[in-house]
Amino acid sequence: MAVASVRRDGGPFAALVVKDGLVIATGTNQVTRGNDPTAHAEIVAIRDACRVLGDFQLSGCDLYASCEPCPMCLGAIYWARPSRVFFAATHQEAAAAGFDDSFIYQQIAVPHAQRTIPMIHVVDDWRTRPFEEWGGKLDRRRY
């Protein structure tokens, strides 16, 4: 799938989601084809699998990826909660091919205002209001 993606002007990444031994969703890197920086193969496959299952979690599913997930995909994987993740190429092998995401891992430890893209905390009296509203909702669906 990853090789076929490259041949169709996509990125060299692919992923699929399996439940009960059946492939329920697939995804290939669509970043440049769709001008969407979030359209990594794992994200595409997770979105598709969630639509198929009608749920925002992938309980009982396995995710297979052609490469070790990047930080964004890793976050999405933890939110989706599959049972296991299998990957082929390592992030070091991806970096050697020009897909180096080590700077993102490094940025997490840097203070907000000193990051490459500065993150400015805006202190506002209303900043926690959405959480208060959420906490008061009797019909909220936890995730």
Within a reach of under 6.0 Å around [atom1] of [X], are more than 12 heavy atoms found that belong to other residues, nucleotides or ligands?
X      : atom1 : result
Trp134 : CH2   : yes
Tyr78  : OH    : no
His121 : NE2   : yes
Arg7   : CZ    : no
Asp139 : CG    : yes

Polar side-chain atom of [X] near backbone of [Y] as donor-acceptor pair, under 3.5 Å:
X      : Y      : result
Arg115 : Gln107 : yes
Ser5   : Pro12  : no
Arg127 : Val122 : no

ILVMFWY cluster, [X] and [Y] together (side-chain gap under 4.5 Å):
X     : Y     : result
Ile46 : Val85 : yes
Leu63 : Phe56 : no
Val17 : Val52 : yes
Leu16 : Val31 : no
Val18 : Phe86 : yes

[atom1]/[X] to [atom2]/[Y] distance, rounded to the nearest 0.5 angstrom?
X      : Y      : atom1 : atom2 : value
His112 : Ile117 : NE2   : CD1   : 13.5 Å
Leu74  : Met72  : CG    : CE    : 11.0 Å
Asp55  : Tyr143 : CG    : OH    : 13.5 Å
Arg47  : Thr38  : CZ    : OG1   : 4.0 Å
Glu68  : Gln92  : CD    : CD    : 6.5 Å

If you take all heavy atoms of [X] and [Y], which pair is closest and at what distance?
X      : Y      : result
Thr32  : Asp9   : OG1-O, 3.8 Å
Ala25  : Ala49  : CB-N, 3.4 Å
Ala88  : Glu93  : O-OE1, 4.5 Å
Ala113 : Pro118 : O-CB, 3.8 Å
Cys73  : Ile43  : SG-CG1, 3.9 Å
Met1   : Ala14  : CB-CB, 3.4 Å

Do [X] and [Y] have side chains that get closer than 4.5 Å, going by heavy atoms?
X     : Y     : result
Asp36 : Gln30 : no
Arg8  : Arg33 : yes
Cys67 : Phe99 : no
Ile24 : Cys61 : yes
Phe13 : His40 : no
Cys50 : Leu58 : yes

Ionic contact status for Glu133 with Arg129, cut-off 4.0 Å:
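Looking at Glu133 together with Arg129, the answer is yes, because their closest N to O distance falls below 4.0 Å.
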